[in-house]
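Heavy atoms only: backbone and side chains are in, while hydrogens, waters and symmetry mates are out. In the text below, chain A, chain B and the rest are named by the order of the sequence lines, each starting its count at 1.
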Protein chains: 2
Amino acid sequence: MEKYKGIGIKLTPQRLGILEYLDGNTDHPSAEEIYSKIKKRFPTMSFSTVYNTLEALRKKGHILELSIDPERKRYDPGTTTHHHFMCVPCKKIVDINIAYDLPIPDEQKNDFEVTSNQVAFYGTCAECKKDTSPPIGSS
Amino acid sequence: MEKYKGIGIKLTPQRLGILEYLDGNTDHPSAEEIYSKIKKRFPTMSFSTVYNTLEALRKKGHILELSIDPERKRYDPGTTTHHHFMCVPCKKIVDINIAYDLPIPDEQKNDFEVTSNQVAFYGTCAECKKDTSPPIGSS
DNA sequence: GTACGTGCAAAGGTTTTGCATTACA
DNA sequence: TGTAATGCAAAACCTTTGCACGTAC
């Protein structure tokens, strides 16, 4: 794939695998999920390569490291402004494509230089609502 | 302290220590920071007690578990609606006290039941801006 | 008195690191 | 060819868990 030539990192087969997997991916995978997936094509690949590549891509601004899931970091190839909803029971994260106006009142700004923002919505998705068992002891 | 009587958890000296430490605290401490602080008054106290207590308080809705710092969970005794700014270099988190209107467009709602949201701003605080060294190799 | 919290140690899961080898540019 | 990435293992780090003992209610 020549399409990744200009992204500013040294390209290896493993990195191409990761890039192709992430390209257009809206699953917000964890490092473990990326590793498992790519390992099928590169059985000798190690975790260090995954983290190394993700860190390189993050530094170049090609992917976002999400702090939405309290359990682990999740990665997002999305480049345009968007936000996220996370289903707490199944940990699925989906994009919310809307640009919010989020002004910080001057008196609270304290000379902070704000470079980015992320809105995280938490709740329950449609499938998990269906699956919900009645509370234990509700008889 | 009798003021914590009605919060719905069994009160022990260690828990009172944690409650008093968190009460009014705007530092958004990590479990480790809470542990270190309280350990000075209760030298035998263990991490399990800290996590146990934090989890009990979270379940009762008395504290928030923040997913803003990618490195570790941070805890917030704040009860009213507010958001956060995190300084990436020094990892300080400060409250942003404003209520944003964050509607999710119907066509993106997919029957999700949203129960909460958190806005995280990232950037650099005034002190860290001062401390910034010129980029390496800029000579 | 009893259910629940405590403290200790050990385990679990995620992420990072050191280093010899390999490969991109 | 030189710099940087890979792979492996081990370590570091944060968080959770099991269990015997102790304590709030």
Chemist: Roughly what angle, to 10°, lies between the helix axis at the start of the helix from C:dG1-D:dC25 to C:dA25-D:dT1 and the one at its end, five pairs per end?
Modeler: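 That helix has its two terminal axes inclined by roughly 50°.
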Chemist: Parallel, tilted or perpendicular, judged at 30° and 60°: which one describes the rings of A:Phe47 and A:Tyr51?
Modeler: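 If you compare the ring of A:Phe47 with that of A:Tyr51, the planes turn out parallel.
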Chemist: Specify the residue among B:Ala56 and B:Glu71 whose closest nucleotide of DNA chain C lies further upstream toward the 5′ end.
Modeler: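 Result: B:Ala56.
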Chemist: So, is A:Thr49 close to the D:dG7 phosphate, meaning a side-chain N or O under 4.0 Å from OP1 or OP2?
Modeler: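 Answer is yes, contact under 4.0 Å.
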Chemist: Could you tell me whether a side-chain N or O of A:Asp69 sits under 3.5 Å from a main-chain N or O of A:Glu71, the two making a donor and an acceptor?
Modeler: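 Flag set: sc A:Asp69 to bb A:Glu71 pair under 3.5 Å.
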Chemist: Whether A:Arg15 contacts D:dT6 is assessed here as follows: a side-chain N or O lying under 4.0 Å from the phosphate OP1 or OP2. Is that the case?
Modeler: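 It does, given that an N or O in the side chain of A:Arg15 lies less than 4.0 Å from OP1 or OP2 of D:dT6.
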Chemist: Return the value, rounded to whole Å, for the distance between atom CD of A:Glu55 and atom P of D:dA4.
Modeler: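 So the CD-P distance, A:Glu55 to D:dA4, works out to 16 Å.
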Chemist: Can you tell me if B:Arg72 touches the phosphate of D:dC13, counting only side-chain N or O atoms and a distance under 4.0 Å to OP1 or OP2?
Modeler: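 For B:Arg72, the contact criterion (side-chain N or O under 4.0 Å from OP1 or OP2 of D:dC13) is not met.
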Chemist: Taking the nucleotide of DNA chain D with the closest heavy atom to each, which residue, B:Pro13 or B:Phe47, is nearer the 5' end?
Modeler: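 Residue closer to the 5' terminus by nearest nucleotide: B:Phe47.
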Chemist: Counting distance only, does the side-chain N/O of A:Asp76 pair as donor-acceptor with the main-chain N or O of A:Gly78 below 3.5 Å?
Modeler: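 Yes; judged by distance alone, with no hydrogens or angles, the pair exists.
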Chemist: Could you check whether B:Thr12 gets within reach of a base, just the sugar-phosphate, or nothing at all, counting any heavy atom under 4.0 Å?
Modeler: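 If one applies the 4.0 Å heavy-atom cut-off, B:Thr12 turns out to touch the sugar-phosphate alone, with no base involved.
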Chemist: Between P on C:dC4 and CG on B:Asn52, what's the gap in Å once rounded to a whole number?
Modeler: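 So the two atoms are 12 Å apart, to the nearest Å.
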Chemist: For C:dA23, does OP1 or OP2 lie under 4.0 Å from any side-chain N or O of A:Gln14?
Modeler: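 No, because none of the side-chain N or O atoms of A:Gln14 sits under 4.0 Å from OP1 or OP2 of C:dA23.
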Chemist: Looking at residues 28-45 of chain B, who's got a heavy atom less than 4.0 Å off DNA chain C?
Modeler: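 Hits under 4.0 Å, by residue number: B:Thr44, B:Met45.
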Chemist: Verify the contact: side-chain N or O of B:Tyr51 to OP1 or OP2 of D:dT16, cut-off strictly under 4.0 Å; return yes or no.
Modeler: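 For B:Tyr51, the contact criterion (side-chain N or O under 4.0 Å from OP1 or OP2 of D:dT16) is not met.
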Chemist: In whole angstroms, how far is the P atom of D:dA5 from the CD1 atom of A:Ile18?
Modeler: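 My rounded result for the distance is 12 Å.
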Chemist: Do A:Arg58 and A:Glu55 meet the salt-bridge criterion of a basic N to acidic O distance under 4.0 Å?
Modeler: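 Yes, A:Glu55 and A:Arg58 are salt-bridged.
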Chemist: What is the distance, to the nearest angstrom, from the CG atom on A:Asp69 to the P atom on D:dC14?
Modeler: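 Computing the A:Asp69:CG to D:dC14:P distance gives 18 Å.
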Chemist: Can you tell me the distance, in whole Å, between the CG atom of A:Leu54 and the C1' atom of D:dA5?
Modeler: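 It works out to 14 Å between those atoms.
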Chemist: Is the distance from OP1 or OP2 of D:dT16 to the nearest side-chain N or O of B:Lys73 less than 4.0 Å?
Modeler: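 Yes, because at least one side-chain N or O of B:Lys73 sits under 4.0 Å from OP1 or OP2 of D:dT16.
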Chemist: Report the relative orientation of the aromatic rings in A:Phe85 and B:Phe112; use parallel for angles under 30°, tilted for 30 to 60°, perpendicular for over 60°.
Modeler: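 The arrangement is parallel - the two ring planes meet at less than 30°.
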Chemist: May I ask you to say what B:Pro70 touches in the nucleic acid, namely base, sugar-phosphate or nothing, with a heavy-atom cut-off under 4.0 Å?
Modeler: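 Result for B:Pro70 = nothing.
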Chemist: Which whole-number value in Å describes the distance from A:Arg74 CZ to C:dT15 P?
Modeler: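 Distance check: A:Arg74 CZ to C:dT15 P gives 11 Å.
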Chemist: Using whole Å, what does the distance between atom P of nucleotide C:dC4 and atom CD1 of B:Ile9 come to?
Modeler: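 So the two atoms are 13 Å apart, to the nearest Å.
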Chemist: Less than 4.0 angstrom from a charged side-chain N to a carboxylate O is my criterion; do A:Glu20 and A:Lys37 meet it?
Modeler: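 Between A:Lys37 and A:Glu20 there is no salt bridge, as every charged N stays at least 4.0 Å from the carboxylate O atoms.
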Chemist: More 5' along DNA chain C: A:Lys10 or A:Tyr75, using each one's nearest nucleotide?
Modeler: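 Between the two, 5'-proximity favours A:Tyr75.
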Chemist: Checking B:Tyr122 side chain against B:Ile68 main chain: does a donor-acceptor pair fall under 3.5 Å?
Modeler: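 Present.
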Chemist: Can you see whether A:His83 engages B:Asn117 through a side-chain donor-acceptor pair at a distance of less than 3.5 angstrom?
Modeler: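 No, no side-chain donor-acceptor contact under 3.5 Å.
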Chemist: Would you mind checking if B:Asp27 and B:Lys92 are paired as a salt bridge, meaning a charged N to carboxylate O distance below 4.0 Å?
Modeler: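 The answer is no: the pair does not qualify as a salt bridge.
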Chemist: In whole Å, I'd like the distance from the OH atom of A:Tyr4 to the P atom of C:dC24.
Modeler: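 Value for this atom pair: 18 Å.
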Chemist: Keeping A:Lys39 on the side-chain end and A:Met45 on the backbone end, is there a donor-acceptor pair under 3.5 Å?
Modeler: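 Here the side-chain-to-backbone pair exists.
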